[in-house]
Amino acid sequence: MSSTISVRHGDASADLESGATAIQALKALEAVRGQIVAARVDGQEWDLDREVPDGAQVEGIAADSDEGRAILRHSTAHVMAQAVTDLFPNAKWAIGPPIEDGFYYDFDVERPFTAEDLDKIEARMVELLREKQRFVREEVARDDALTEFADQPYKTQIIELVGDGTIASAVDAPDAPEVTDGNVTFTVYRNVRPDQTVAWSDLCRGPHVPSTDRIPAFKLLRSAGAYWRGQEDQPMLQRIYGTAWESKKALTKHLEMIEEAKKRDHRKLGRDLELVHFPDELGPGLSIFLPNGAIVRKQMEDWIRDETLRRGYQPVYTPHIAKEDLWRISGHLENYGELMYPGMELEDGGGAAYRLKPMNCPFHILAFTSRTRSYRELPVRISELGTVYRYERSGVVNGMLRARGFTQDDSHIFCRPDQVVDEVADCVEFARDLYRAFGLGDPSRVAISTRPAKSIAGHDDKWEAAEAALIEAVQKTGLEYEIDPGEGAFYGPKIDIHARDAIGREWQLTTVQVDFNLPERFDVTYVGDDGAKHRPYMVHRALFGSIERFFSVMVESFNGAFPTWLAPVQAVVIPVADEFDGYADEVAAALRANDVRVEVDVADDTLGAKIRRGQTSKVPYALIVGASEREARTVAIRPYRGDQRKDVPLDEFVTEIDAEIRERRTDLDLP
RNA sequence: GCCGAGGUAGCUCAGUUCGGUAGAGCGCCCGCCUUGUAAGCGGAUGGUCAGGGGUUCGAAUCCCCUCCUCGGCUCCA
């Protein structure tokens, strides 16, 4: 062992005494930039106080990077577990990984945590941060780990499961020990007080921040039940969610974002703006589009109907129910029976029960097979705004984002194998146009999901070909994409497209899926140029995904203030006194003549109150009219967004708003 | 389905600890005012306290069951 080592950072290098730590290396290399929480040594995440090997390439991990925050949050989770242990000595620890925007830790405790418990735990954590405990990494032998955590059954399980290879993925145990080339390195992190006593130890892969006072800002958010290892047959643990940030300012910003999201909740705005209604009388997961919401929905439906026609789709209409036999043929009863509403027994049905449809596919297949099809007419694109009903489990229903009754802009494309790439690429382009039209910008993420472990037998060659086709199709569109291995449906691979809303949240909307299963089950064929029957490819696609869901995303993204072309009421005319009601009606009539949705506010209220009403109901334009406006046939415009304008000729405003609506402008300056 | 928290007027919520005649603000409706850019004044209406059962002289309040909502877990063809 040499007495000096050499370390590098990019092209720079430095010599250090053997045993030097990552932070010493970074300092020697003058590579410390801003606040750093850990290092990257030869590509691997590394504790700052851990020795670096000779010849190592060393970089700092910034506290305000995604990677740095994850480390910070992971460390905060440890501090939380220590605090929980202090307050609940019998608590057993499961896992405590960082997640997007925060962290959690699961505990097995005698009773669930209360809100007061969280306050106490948080207060205890603050004390622990002040203690400046160091995080000290120690490699331990498997048997020593088992001995040390003998009274921690979940840790013991992790050690055993990792040992026999059961836990391999981050999903199973995000902070499980590292496995390299089949060799497991078990590491324990000890929280050491300044007086060198050990406050707490946890089995953990690391790395961590150097000490607890390096956690600048955190907050515990909520507790909830969670199954051990995410499996329903495993014990229910109590999970505490928290968040941690590189600065108080960043934490405050995050908490404000959470508040903002709450304010924008489509269930709240849906009620306030009278868009939608969820009456108890209907049952869970079922909703009513009120007149205001129905206008927005109609714009969505009109757009998609026009565009599908333009792009060569053939609209069909199909019933909401069908005999159980249909669902037996399709395999839905067998595979998804639990997610279907129970059958309707009919007195004169000859024993046949009927079922509400959970999907439109079988109907579209029957539309296709209504006569013999030639290869010449492919691709055939059957399309429908199809309302489906799924008996979702009671705990998962959420407003219009996860409903039991919803409408898909559903299409099934039957095509030849050589047409799949073009068809799928067109679907992706179509989705992109749709997001643009409705103000959501470009897709934020395109994910291609490949064959899962549990998939239909055979078809190996088809899977390969279809996965390749999906990738080629997305490449054709020029969009970036990622592969989600094993996340495909059992009957075929799929593409999921996500969009980002105005406050940065990502939503899965569009899905494009290849289906090998149903064409077989229904024996779907076309006649090829050889006169023989061939099996077509079937592509299932829903661009909005669900109308209700997309609608909700728009409500939340626009904060209820829709672009003018979508707004339920596009302009409200406000007379300053009732002697100007007549002119107000004239203004409204001029707008109505151009198909503008306009109302006149003739209530016995002051001007201020009427303007306030216009603003709170988020109408794009308030038009104030009084003596001078009547005289000059103008309006004073107070837009929901932007600056006020006075003495605008009525004709000019009509032309402006008409153009804005016709062009479906969405280039709003969103707040 | 599982864990937890909830359900009082159209909305937001108080009242529940410790059982004793169901409240406020906003909205809606009606009047007065005749208004110049985010809340004028007055009045009226509005509740099977989620539903059912129990304890009690008496239940929004205590107990049990059911339904529904919310936050998570699981699930999302």
Side-chain angles (χ1 to χ4, degrees), chain A residues 104 106 109 111-115 117-118 221-241 262 265 267-268 271-272 274 277-285 327 330-340 358-361 388 390-399 401-404 406 452 454 487-492 494 496 508 511 513 515 517-518 540 542 545-546 549 574-581 603-617 622-629 636-640 643-646:
Chain A
Y104 66 79
D106 287 345
V109 281
R111 60 163 178 83
F113 296 109
T114 63
D117 291 337
L118 291 200
L221 298 175
R222 70 180 79 89
S223 66
Y227 300 111
W228 165 236
R229 299 185 57 219
Q231 292 168 16
E232 278 180 283
D233 56 352
Q234 297 287 331
M236 175 72 66
L237 306 174
Q238 293 303 316
R239 173 172 298 180
I240 302 178
Y241 284 94
K262 257 188 216 162
D265 191 304
R267 292 165 297 201
K268 177 181 158 45
R271 193 171 45 226
D272 292 350
E274 296 185 17
H277 190 209
F278 302 93
D280 285 348
E281 291 86 340
L282 290 184
W327 307 110
S330 70
H332 285 94
L333 276 180
E334 184 190 336
N335 294 310
Y336 314 108
E338 282 182 16
L339 278 162
M340 291 176 71
M359 293 187 81
N360 301 301
C361 333
V388 296
R390 302 178 185 180
Y391 194 71
E392 299 282 1
R393 293 168 80 175
S394 62
V396 306
V397 171
N398 178 288
L401 290 169
R402 186 80 181 270
R404 280 183 172 170
F406 60 95
K454 236 183 97 183
E487 292 298 312
F490 80 92
Y491 51 77
K494 63 173 180 175
D496 287 328
Q508 200 246 297
T511 184
Q513 315 186 341
D515 190 330
N517 187 41
L518 288 177
H540 165 122
S546 127
R549 185 176 158 79
I574 301 177
V576 301
D578 53 16
E579 71 170 284
F580 306 109
D581 285 1
D604 287 340
D605 279 317
T606 55
L607 179 62
K610 291 180 183 184
I611 287 181
R612 181 170 191 277
R613 192 152 51 231
Q615 290 285 307
T616 52
S617 56
L623 306 174
I624 292 95
V625 295
S628 60
E629 285 80 8
I637 305 170
R638 183 181 170 121
Y640 182 73
D643 299 326
Q644 297 173 30
R645 292 158 64 200
K646 293 197 171 168

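Naming convention: chains lettered A, B, ... in sequence-line order (proteins, then strands); numbering from 1 in each chain.
- A residue-by-residue look at A:Phe113 and A:Arg638 shows that A:Phe113 has its nearest nucleotide of RNA chain B further toward the 5' end.
- Here A:Gly608 lies in heavy-atom contact (under 4.0 Å) with sugar-phosphate atoms only.
- For A:Tyr227 against B:G72, a side-chain-to-base donor-acceptor contact under 3.5 Å is absent.
- A:Gln508 comes within contact range of no nucleotide atom at all, as no heavy-atom separation falls under 4.0 Å.
- Shown here, B:U34 forms no base pair; nothing in the strands shown gives a Watson-Crick or G-U wobble contact with both key distances under 3.5 Å.
- At whole-Å resolution of the value, CG in A:Asp604 and P in B:C29 are 11 Å apart.
- Between the side chain of A:Arg222 and the backbone N or O of A:Tyr241, no donor-acceptor pair lies under 3.5 Å.
- Few gaps surround CD on A:Gln234; more than 12 heavy atoms of other groups in view lie less than 6.0 Å from it.
- For B:C18 and B:C76, the C1' atoms lie 48 Å apart once the distance is rounded to whole Å.
- Rounded to an integer number of Å, the gap from NZ of A:Lys494 to P of B:C76 is 9 Å.
- Base-pair partner of B:C76: not found among the strands shown (Watson-Crick or G-U wobble, both distances under 3.5 Å).
- The side chain of A:Thr616 sits closest to B:A38 out of B:C2, B:C73, B:A38.
- A:Asn335 places its CG atom 17 Å from the P atom of B:C75, with the value rounded to the nearest Å.
- Distance A:Lys262 NZ to B:U69 P: 20 Å, rounded to the nearest Å.
- An OP1 or OP2 oxygen of B:G4 is reached within less than 4.0 angstrom by no side-chain nitrogen or oxygen of A:Arg239.
- A:Glu579 comes within contact range of no nucleotide atom at all, as no heavy-atom separation falls under 4.0 Å.
- The shortest distance between the side-chain N/O atoms of A:Tyr336 and the OP1/OP2 oxygens of B:C76 is not below 4.0 Å.
- In this structure, A:Tyr391 places its OH atom where only 12 or fewer heavy-atom neighbours from other residues, nucleotides or ligands lie under 6.0 Å away.
- Annotation: of the two residues near RNA chain B, A:Lys610 and A:Gln513, the 5′-most nearest-nucleotide partner is A:Lys610.
- A close approach under 4.0 Å does occur between a side-chain nitrogen or oxygen of A:Thr606 and OP1 or OP2 of B:G40.
- For the pair A:Ser394 and A:Arg404, the minimum side-chain heavy-atom distance is below 4.5 Å.
- Comparing B:C30 with B:U45, their C1' atoms are spaced 10 Å from each other, to the whole Å.
- Side-chain to base pairing of A:Arg402 with B:C76: one donor and one acceptor N or O lie within less than 3.5 Å of each other.
- For the pair A:Asn398 and B:G71, the criterion of a side-chain N or O lying under 4.0 Å from OP1 or OP2 is met.
- Distance CG (A:Leu118) to P (B:C3): 19 Å, rounded to an integer number of Å.
- Nucleic acid contact class of A:Pro575 (heavy atoms, under 4.0 Å, all strands): none.
- Among the heavy atoms of the strands, none lies under 4.0 Å from A:Ala622.
- Across all strands shown, A:Ala224 has heavy atoms under 4.0 Å from base atoms, whether or not it also approaches the sugar-phosphate.
- Here B:C70 sits opposite B:G4 as a Watson-Crick or G-U wobble pair (both hydrogen-bonding atom distances under 3.5 Å).
- Listed pair A:Arg267 / B:C70 meets the phosphate criterion, a side-chain N or O lying under 4.0 Å from OP1 or OP2.
- Side chain A:Glu274 to base B:G10: no donor-acceptor pair is found below 3.5 Å.
- As judged by a 4.0 angstrom heavy-atom cut-off over every strand, A:Gly230 is placed among residues touching the sugar-phosphate backbone only.
- Atom-to-atom, CZ of A:Arg645 to P of B:U37 comes out at 19 Å; the value is rounded to the nearest Å.
- Look at A:Asp605 and A:Arg612 and you find no salt bridge, because none of the NZ, NE, NH1 or NH2 atoms lies under 4.0 Å from a carboxylate O.
- Nucleic acid contact class of A:Ser628 (heavy atoms, under 4.0 Å, all strands): base.
- Other residues, nucleotides and ligands place more than 12 heavy atoms under 6.0 Å from the CG atom of A:Asp233.
- At least one side-chain heavy atom of A:Arg549 sits less than 4.5 Å from a side-chain heavy atom of A:Leu401.
- Put simply, A:Arg612 has no side-chain N or O that comes within less than 4.0 Å of OP1 or OP2 on B:G27.
- OP1 or OP2 of B:G1 lies within a sub-4.0 Å distance of a side-chain N or O belonging to A:Ser394.
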